[in-house]
Each structure stands twice: as C-alpha cells, then as structure tokens.
Amino acid sequence: MRDLRSTREFGRTELAGRSFVQSAAFEWLSRAGFVARGAVYAIIGVLALKLAIGQGGKLTNQEGAFRTLAHQPFGKYLLTLVAIGLGGYSLWRLVRAAIGHGPEGADKGFDRLAALGSGIAYGVLCALAVEILLGSGSSASPKKSTAGIFGWPGGTWIVGSAGALLVGIALYQGDRGITKKFLKDSKVEEMSSSVRTWIGRIGLVGHLARMVVFGLVGIFLIKAAVDFNPQKAVGLDGALAKLEHNSYGPFLLGVVAAGLIAFALYSLSDARYRRI
C-alpha cells in the first residue's frame, strides 16, 4: 500500500514538473537567461576591447562583470535581473540534462552532459551574483582554488582532468562555431535570410572567441597540474591577459574581445529564436 502511495506521489510530482516545463513562465525565465548571459559577456568584452585600443578598460571575469554592473546607476536592480536570468538559464539547462527536452527542443547523449555542466556552472554564477547583492561575494582566485585542490587525494589528477575537460569544451565550441551547428538549435524557419546570415556570422565569431578563452584556461590548468604549480592556473581574465602579453597582444586581445561581444549579441538572438 505504501509503495502504491509513493508511486502515485511520484507520478503527481513528475506530472507537475512536466507541466511547469511546458508553461509560459518556464519559457520566459529560460529566455531571460540568454539576455543575462549576453550581458555578462558584453561587459567582459567591452572592458577588454577598451583596454586593447587604449581607451581605459580592464581585464575581468564574471565576478568582475557583476561588480561593474552593480556600480552602475540602478546597478543593484540590474544585477538582480541578471541573477534571476542566470538562475533561469541554469534551470533550463538542468531540465534539459535531466529529461532530455524542453517544450520546443531536445538533447541527446553528449548534449545532455554538456547541459548538465552548463547548468551547474551558471547556477554557481547565479549564486555569486546573489552573494554580491548581499554584500558577501568573494570568490577564490583560480590559483588559490587550484592550490587547495592539490591538497586533496589525487588533486593533481583532478586539476589536470578539469583542464582537459575545458580543452574539450573549447573544441566543442569551435566545432559548433565552424560548422554553425548552433543554428540547428534555433527557429531558423522564423528568420529572414538576412537575419539568419547575421546570426550565423556573429555566432561563428562568438563561439570561436569562447573556444580561445576556454582553451587557454584549460591549457594552463593542465600546465599547473603537470608542474604542480598552482600559480600557472588562470581564469577568464587570466586567459585574456595571456593574449595581451604575447606578440601583437593588443591586436589579439581586441579580436577576442570583439568575439566575446559578438557572443553577447548571439545570446540576445538566442533569447528570441532558441528552441526552448
């Protein structure tokens, strides 16, 4: 009798969950996530581009983007909206990982695994934005985090594996960009030919820029593991700094910064055309 009652309760819970996934609220929350993602990349890209062309600016990561936004007029309200959007994006990605589909699209195999990783990552970013709103946000640097992991059993292998995973994600981003597979996730049938062309272009450039920064973060994590030196670990801002400090650094930084801005614009197009 108890097993039957549990089965019925599980069935009602599953039905309620599926009803929410099919709801307009879930779609709007998910689409708000793309706007929030775009805002974060736009801030990082614009600040890096300004630095590259000698107009001030700075290299920053997602936390820095949140703090920059918070210091603008009505910044707390804007950051609140970004946090809600990131939470919505995280929820959407986790749902796609858990059940393999939303109301409009579906994922299989590796795409579901990628959705899980993305959902967790953006959930962490949402939590960080909330912490900053509450005045307690202070994330550890990649170097400190890496040093802490080195103290775990098998810590070196964990860091190296994380680096290899990021390199894999970078290659995945590059493949999606070059082949324009990202268009398969969009409602291309609702686009005019000119809109599809421009989304294809900004999506290509944006995915390649993400490939560069994710790849650099991954490579330097691997180097930190191989050399057992946490000082070699970098985050997104550190990856951009590596570009700046190379030959033709301002040019390379400017190109990648422009690519991140392109990805921000692509994110806005996703808010309209992505199959949820």
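Values in this document were obtained by computation on a predicted structure and should not be read as measured data.
Put simply, the side chain of V46 reaches to within 4.5 Å of the side chain of I261, judged on heavy atoms. Counting only heavy atoms from C-beta outward, the side chains of V212 and L243 approach each other to under 4.5 Å. Side-chain contact between L134 and E131 is absent, with no heavy-atom pair separated by less than 4.5 Å. Counting heavy atoms from C-beta outward, L125 and Q62 have side chains that approach closer than 4.5 Å. The side-chain heavy atoms of V188 and Y273, taken from C-beta on, include no pair separated by under 4.5 Å. Looking only at side-chain heavy atoms (C-beta outward), L29 and W92 stay at 4.5 Å or farther from each other. In this structure, the side chains of L240 and I44 come closer than 4.5 Å at one or more pairs of heavy atoms.
Side-chain atoms of Q72 come within 3.5 Å of backbone N or O of T68 as a donor-acceptor pair. Proximity of a side-chain donor or acceptor of S118 to a complementary backbone N or O of A114 within less than 3.5 Å is not detected. Of the possible donor and acceptor atoms, one in the side chain of R112 sits under 3.5 Å from a partner among the backbone N and O of A98. At distances below 3.5 Å, not a single donor-acceptor pair connects side-chain atoms of S267 with backbone N or O atoms of V35. For N229 (side chain) and Q231 (main-chain N/O), a donor-acceptor pair under 3.5 Å exists by modelled atom type. Side chain of R31 to main chain of R274: a donor-acceptor pair is present (N/O by atom type, distance under 3.5 Å, no hydrogens or angles). A donor-acceptor contact shorter than 3.5 Å is absent between the side chain of S90 and the backbone of L86. For N246 (side chain) and G249 (main-chain N/O), no donor-acceptor pair under 3.5 Å exists by modelled atom type. The closest donor-acceptor contact from the side chain of K143 to the backbone of A233 lies under 3.5 Å.
Judged by a 6.0 Å distance limit and a 45° cone about the ring axis, R201 is positioned over the six-membered ring of W198.
Looking only at atom types and distance, the side chain of R37 has a donor-acceptor partner in the side chain of Y89 under 3.5 Å away. Between the side chains of R210 and Y41, at least one donor N or O sits under 3.5 Å from an acceptor N or O.
Of the charged side-chain nitrogens involved, none lies within less than 4.0 Å of a carboxylate oxygen, so that R176 and D111 do not count as a salt-bridged pair. The pair E189-R275 meets the salt-bridge criterion, since a charged nitrogen lies less than 4.0 angstrom from a carboxylate oxygen.
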*Given salt bridge (charged side-chain N to carboxylate O under 4.0 Å, His left out), test R272 with E27 step by step and report yes or no.*
CA-CA 11 Å; R272 165 63 178 85; E27 180 179 354; over 6 Å; no

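The CG atom of L171 lies 12.5 Å from the CZ atom of F214; values are rounded to the nearest 0.5 Å.
Between Y266 and F182, a ring centre-to-centre spacing shorter than 6.0 Å is recorded.
Minimum heavy-atom separation, G177 to L204: O-CD1, 3.2 Å.
Heavy-atom neighbours of K184 NZ from other residues, nucleotides or ligands within 6.0 Å: at or below the threshold of 12.
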